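Data block below; observations after.
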Amino acid sequence: MEYNFREIERKWQAYWKDHQIYKTIEDPNKPKYYVLDMFPYPSGAGLHVGHPLGYIASDIYSRYKRLKGFNVLHPMGFDAFGLPAEQYAIQTGQHPAITTKNNIARYRDQLDKIGFSYDWDREIRTCDPDYYHWTQWAFIQMFHHYYDNDLQKAQPISRLIEHFEKKGTENLHASSTHELSFTASDWKEMSEKQQQEILLNYRIAYLADTKVNWCPALGTVLANDEVSEGVSIRGGYPVEQRIMRQWCLRVSAYAQRLLDGLETIDWTDSLKETQRNWIGRSEGAEIRFSIKGRKETFEVFTTRADTIFGVTFMVLAPESELVKICTTPEQAIEVEKYLDNTKKRTERERLADRRVTGVFSGSYAIHPITGEEIPIWISDYVLAGYGTGAIMAVPAHDSRDYAFAKHFNLPIIPLIQGCDVSEESFDAKEGIMINSGFLNGLTIKEAIEATKKYITEKGIGRVKINYRLRDAIFSRQRYWGEPIPIYYKNGMPYTLSEEELPLELPEVDKFLPTEKGEPPLARAKNWKTKDGYPLEVCTMPGFAGSSAYYLRFMDPKNDKALVSPEANQYWRNVDLYLGGTEHATGHLIYSRFWNKFLFDLGIVCEDEPFKKLINQGMIQGRSNFVYRIKDTNTFVSYHLKDQYETTPIHVDVNMVSNDILDLEKFRNWNPEYKNAEFILEDGKYICGWAIEKMSKSMFNVVNPDDIVENYGADTLRLYEMFLGPLEQSKPWDTNGIDGVHRFIKKLWNLFYKNDELSVSEENPTAEELKVLHKTIKKISYDIENFSYNTAVSAFMICVNELFTLKCNKKAILEPLLILLAPFAPHISEELYHTLGNSDTVFNASFPQYDEEFLKENTVFYPVSFNGKVRFTLEMPTDASKEEVEKTALSHPQTLKYMEGKTPKKIIIVPGKIINIVF
RNA sequence: GCGGUUGUGGCGUAAUUGGUAGCCGCGCCAGACUUAGGAUCUGGUGCCGAAAGGCGUGGGGGUUCGAGUCCCUUCAGCCGCACCA
């Protein structure tokens, strides 16, 4: 029989579906294992060959774990809300729900062809009301909680109100937007509206005026991780800063726990480092300065408290509230001018053009230790959003302060013994302090500690930890997202009751803002509560739906809760999570935050959602080029191109094979090339190539459907794994796929001789057993270590060796099929049944290797002289060191290489190597 | 600038963790079967050299009997962060 992959794959995919092989239920008798892929956003372009890489890897692991006796949860769903479908809707009028549904169908079809073991009964779509019910529910919980810094835990708002009623803000240690201070009686005298406004300052989901990234082209605000270098990541449209009243999530409250949690999880160092970076913890001191002639004081944050004696000026961010206070009438015009100028510059311009700019405020600060007067300046090199928006400038030891001081001719006082600050600042954190009063003679490290102690004791400052992590802005002025379950009464936000969920996305006539500039939901008819209060018109951002989806998979049909305690306690958290690095600072921070919040509420039993995480590398494209001779329609083959002046042109890789261009296809590709002429080499047109991103514009996109059609899903799966280490980026080159396909056919031919099934029941030989058990050992090790490329190579070696041995014994081939089943499920299932089994191969057990079969009688020693290997020596495995040495020294070859000299030293590593030094 | 990560044949890669560098494939070369080959099978294939032999894991240095692997130094690519005080 021929290996007919089309028929085999169709047959077993249907069988698995009909017999519900992948249906998963909680089974207390088996250990659980949860394998999750980062679910895709179903784009209109469909999957290319790079997308399934991680899915294949996780599928192999899932099937392996199952064969090892685990109850494996391996679900899949779709991150279905998002901008592209909405942009498409604006352009074409097609409802994003329809676009999304079609795209999902396409994705599903493509995924099905590859033969994954997903339990599709658990499929979730974030745009499904039954799903976003629980996204909205979580938001409501966040609204009704605040973060207690003492307990390091979310607490009900009712507890906060109690505190206010008893003590006002006294002894309150809660995360907040602004530091507030009021008494219990102040609180009681406030109106309902005032109280609500105060509470927003503490809620974990809160409404506040914040500086946002406004993207005019998309008509919405974007989160920090959705913006890069001043443009939106989706679409690349310019983004500007604006102050707007927005929903935010108090992620910053969890900064320390997000940081600490990294120690407990098995992620790569680079990813943890990226998150640490993003959280940006810095330990320092907050020091208070008074303003000469005024009662107001202000604080600055510094990590270099040791440099306090080197402060020669202060700098305020232009947006700082202190600017008003510090500006003297004499300087008012100058300051006004400067503020106007900075306002006109966008964030991008400020970053691109690092000119030193600033203006003197007219006021002086009083140095808290020396009592000296220090001029207060205003400059946009100080960021309003970090620390207190004001700094103490130490030009001798900070390059930014140095540049500023040089430009405005301000004094520079060196503080480190022997440092030279005539040309640049000395930023290094090493040396002995000078010019620093009581700090003189201390090392920097000692001086930092001494200063902290001093300012704390004298009450002029305190030790402070700052985080770069900002609260997440949660409003999007868009249509295609989860409605926020909020209504407004008296201008203040209130949540809908849980019974009113899900708040379904309403129909609108157009997916555009209203004439008044309100978001699209403002177009909806009757967008108000039954009592007539207006509902929130913003929707949630893209990361909302993906923040807790891994929990929903545990219990996807539950209409009473996000996840039942029973399901959650069984599945706990994700054991293995696979996905790309692009989510390092977005999804992977937000979902950890979301999970920790639910953990505080006792909804989930694990503090961290993803125990182990692997980032699969990107599959790059391999582009092909033709070379057109300038101003002609003639194309010259690669090796001849240097004889002409040519322009390289991308050609579709699908009409190139082994870098040889199909001329006929090329001519028909584009009318422009209809009459193209070619200068060939050896009768062929050879294309040039380059490794680039896989994208439509490079014409290097390879569709998995085509590969499945031509080679089968098993070949695709094996080849994707064979390309190289999972985590590494590597180019896709369809040319190499034949090798893997040949391997599968060779495996097939172990079973079939001249189209006849030929499998023997005979007992295997020692040699055959050795081949099998060597392979079992290697495959087990490789799967555990996600080294799938070497596993595929081990399979090839195994089949090559069995082929040489002409082995067709069932006792060898059957375990081999079980080993291979996670990688190539279809052919394994087919041949497993061919051997007479009636149950699926995935109900078998993974073979165990037996060291007994791997024992060798003899070992080949490489014999080297002064480190150079000259020949090998076969010795019995159990030969003693002395025997080996004796045999080696008396070997005729040894005499030749010794050139009559006496050995100085003989190194023998049993079973490994012999080295003779002379 | 800071941090992470990777440098091995023409290409993708491997190396039991300090012990024969180049496994497994692609490509290429030769041969077989073929009307044919972008099919299949067999053999060869790191570089230089006719061979003996020499050289060889980005470069330089070191430790060691022995280094792709450890240490120092340097270069290059990729990724992340970046006026974060």
Side-chain angles (χ1 to χ4, degrees), chain A residues 228-229 268-278 280-282 284 300-304 307 315 317 350-351 354 356 379-383 385-394 397-401 403-404 427 466-469 581-582 584-585 615 617-618 620 622 657-660 662 684 689 691 718-719 722-725 727-743 745 777-778 781 787 789-798 800 860-872 903-909 911-918:
Chain A
S228 178
E229 294 181 1
T268 60
D269 288 340
S270 71
L271 185 52
K272 286 187 188 182
E273 202 51 41
T274 303
Q275 291 219 337
R276 283 192 198 107
N277 229 312
W278 191 260
R281 182 186 202 269
S282 70
V300 297
F301 175 74
T302 178
T303 54
R304 290 293 302 275
T307 61
V315 188
R350 270 170 65 169
L351 287 173
R354 292 194 181 180
V356 176
S379 171
D380 66 2
Y381 86 88
V382 172
L383 303 178
Y386 186 77
T388 61
I391 62 149
M392 60 177 216
V394 185
H397 302 288
D398 182 289
S399 48
R400 297 155 300 178
D401 298 343
F404 195 84
D427 292 12
N466 241 311
Y467 299 92
R468 202 186 69 99
L469 184 69
T581 19
E582 66 272 22
T585 53
N615 289 124
M618 290 237 293
Q620 297 148 312
R622 187 180 186 277
S657 173
N658 284 334
D659 293 334
I660 298 162
D662 185 320
K684 296 168 193 159
W689 59 274
I691 303 302
L718 285 168
Y719 186 56
F722 186 65
L723 281 177
E727 295 94 329
Q728 242 173 58
S729 286
K730 56 245 160 185
W732 176 271
D733 182 0
T734 306
N735 291 337
I737 203 166
D738 289 322
V740 167
H741 195 61
R742 267 180 220 131
F743 153 74
K745 283 201 261 188
K777 186 177 178 180
K778 175 79 176 146
Y781 179 86
S787 179
N789 54 328
T790 54
V792 176
S793 151
F795 279 123
M796 290 175 170
I797 294 169
C798 175
N800 286 349
F860 287 91
Y861 282 95
V863 183
S864 37
F865 297 85
N866 291 339
K868 285 195 165 80
V869 178
R870 296 300 181 181
F871 63 94
T872 55
K904 278 191 205 138
K905 197 169 176 185
I906 298 160
I907 292 116
I908 292 165
V909 183
K912 295 272 188 195
I913 196 169
I914 302 167
N915 190 12
I916 299 168
V917 187
F918 61 91

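Note that the coordinates shown come from a computational prediction; the quantities given were computed from them, not determined experimentally. Sequence lines set the chain letters: A, B, ... in the order given, protein chains first and strands last, and positions in each chain run from 1.
A/Met392 places a side-chain heavy atom less than 4.5 Å from the side chain of A/Thr302. Between A/Thr585 and A/Thr274 the shortest side-chain heavy-atom distance falls below 4.5 Å. You'll find the side chain of A/Val740 stays beyond 4.5 Å of the side chain of A/Asp738, heavy atoms only.
Ring geometry for A/Trp732 versus A/Tyr719: interplanar angle over 60°, hence perpendicular rather than tilted (30 to 60°).
For B/rC65, its base sits under 3.5 Å from the side chain of A/Asn915 at one donor and acceptor pair at least.
Between the CG atom of A/Asn735 and the P atom of B/rG10 there is a distance of 18 Å, given to the nearest Å. Nucleotide B/rA67 holds its C1' atom 12 Å from the CD1 atom of A/Ile913, rounded to whole Å. Distance A/Phe722 CZ to B/rG12 P: 13 Å, rounded to the nearest Å. Taking atom CG of residue A/Asp738 and atom P of nucleotide B/rC41, one finds them 11 Å apart after rounding to whole Å. One can place CG of A/Asp427 at 10 Å from C1' of B/rG1, the figure rounded to the nearest angstrom. Straight-line distance from the OH atom of A/Tyr861 to the P atom of B/rG19: 15 Å, rounded to whole Å.
Taking atom P on both nucleotides, B/rU8 is separated from B/rG60 by 16 Å, rounded to a whole Å. Taking the C1' atoms as reference points, B/rA14 lies 11 Å from B/rG25, given to the whole Å. Between the C1' atoms of B/rG49 and B/rG56, the separation comes to 15 Å (whole Å). Comparing the P positions of B/rG43 and B/rC24 gives an interatomic distance of 12 Å, to the nearest angstrom. Nucleotides B/rG22 and B/rA67 place their P atoms 16 Å apart, quoted to the nearest Å. Taking the C1' atom of each, B/rC33 and B/rA50 are spaced 34 Å apart, rounded to whole Å. A gap of 30 Å separates the C1' atoms of B/rU20 and B/rU73, to the nearest Å. Using atom C1' as the reference point in both B/rA21 and B/rU57, the two lie 7 Å apart (nearest Å).
Put simply, A/Ser282 has a side-chain N or O that comes within less than 4.0 Å of OP1 or OP2 on B/rA85. For B/rA85, the OP1/OP2 oxygens have no side-chain nitrogen or oxygen of A/Arg468 closer than 4.0 Å. A sub-4.0 Å separation between OP1 or OP2 of B/rC65 and a side-chain N or O of A/Lys905 is present. The shortest distance between the side-chain N/O atoms of A/Tyr386 and the OP1/OP2 oxygens of B/rA85 is below 4.0 Å. In terms of phosphate contacts, A/Asn658 brings a side-chain nitrogen or oxygen within less than 4.0 Å of OP1 or OP2 of B/rG27. Put simply, A/Asn789 has a side-chain N or O that comes within less than 4.0 Å of OP1 or OP2 on B/rA14. The phosphate of B/rG25 (OP1 or OP2) has no side-chain N or O of A/Arg742 nearer than 4.0 angstrom.
B/rU17 takes the syn form, because its glycosidic angle lies no more than 90° either side of 0. A glycosidic torsion no more than 90° from 0 defines the syn conformation, and B/rG9 adopts it.
Closest to the A/Thr302 side chain, of the nucleotides B/rG12, B/rG3, B/rA85, is B/rA85. Of the candidates B/rA21, B/rG80, B/rC24, B/rG80 carries the atom nearest the A/Thr274 side chain, counting heavy atoms from C-beta on. Minimum atom distance to the side chain of A/Asp662 is reached by B/rG38, of the listed B/rG12, B/rG38, B/rU20. Residue A/Lys745 places its side chain closer to B/rU40 than to any other of B/rU40, B/rA14, B/rC24. Across B/rG54, B/rG19, B/rC24, the shortest atom-to-atom separation from the side chain of A/Lys912 is found for B/rG19. Among B/rC55, B/rG19, B/rC26, the nucleotide with an atom closest to any side-chain atom of A/Ile907 is B/rG19. The nucleotide whose nearest atom lies closest to any side-chain atom of A/Asn277 is, among B/rG80, B/rU20, B/rA15, B/rG80. In this structure, the nucleotide among B/rG3, B/rG12, B/rA14 sitting nearest to the side chain of A/Glu273 is B/rG3.
If you check the side chains of A/Ser787 and A/Thr790, you find a donor sitting under 3.5 Å from an acceptor. A donor and an acceptor atom, one from each side chain of A/Ser282 and A/Tyr386, are located under 3.5 Å apart. Side-chain atoms of A/Ser399 and A/Asp427 include a donor-acceptor pair closer than 3.5 Å.
Checking A/Lys684 against A/Gly387, the closest nucleotide of RNA chain B that is more toward the 5' end is the one next to A/Lys684. Of the two residues near RNA chain B, A/Tyr467 and A/Thr585, the one whose nearest nucleotide lies more 5' is A/Thr585.
Taking a pair to require two hydrogen-bonding distances under 3.5 Å in either a Watson-Crick or a G-U wobble arrangement, B/rA30 pairs with B/rU42. The nucleotide B/rG18 finds no pairing partner, because no Watson-Crick or G-U wobble arrangement with both distances shorter than 3.5 Å includes it. B/rC24 and B/rG12 make up a base pair, with Watson-Crick or G-U wobble contacts both under 3.5 Å. Pair check for B/rC78 finds B/rG4; Watson-Crick or G-U wobble, both atom distances under 3.5 Å. In this structure, B/rU35 forms no base pair with any nucleotide, since neither Watson-Crick nor G-U wobble geometry is met with both distances under 3.5 Å.
Using a 4.0 Å heavy-atom distance criterion, A/Ile391 is classed as a base contact. Among the atoms of the strands shown, base atoms are found under 4.0 Å from some heavy atom of A/Val909. No engagement by A/Arg622 is indicated, since no non-hydrogen atom pair under 4.0 Å with the nucleic acid exists. Across all strands, A/Asn800 comes closer than 4.0 Å only to sugar-phosphate atoms, never to a base (heavy-atom distances). A/Ile797 comes within contact range of the sugar-phosphate backbone alone, with a heavy-atom separation under 4.0 Å but no base atom that close.
One N or O on the side chain of A/Asp398 and one on the backbone of A/Asp401 form a donor-acceptor pair closer than 3.5 Å.
Contact check on A/Asp659 versus A/Arg622 returns a salt bridge, with a Lys/Arg side-chain nitrogen under 4.0 Å from an Asp/Glu carboxylate oxygen.
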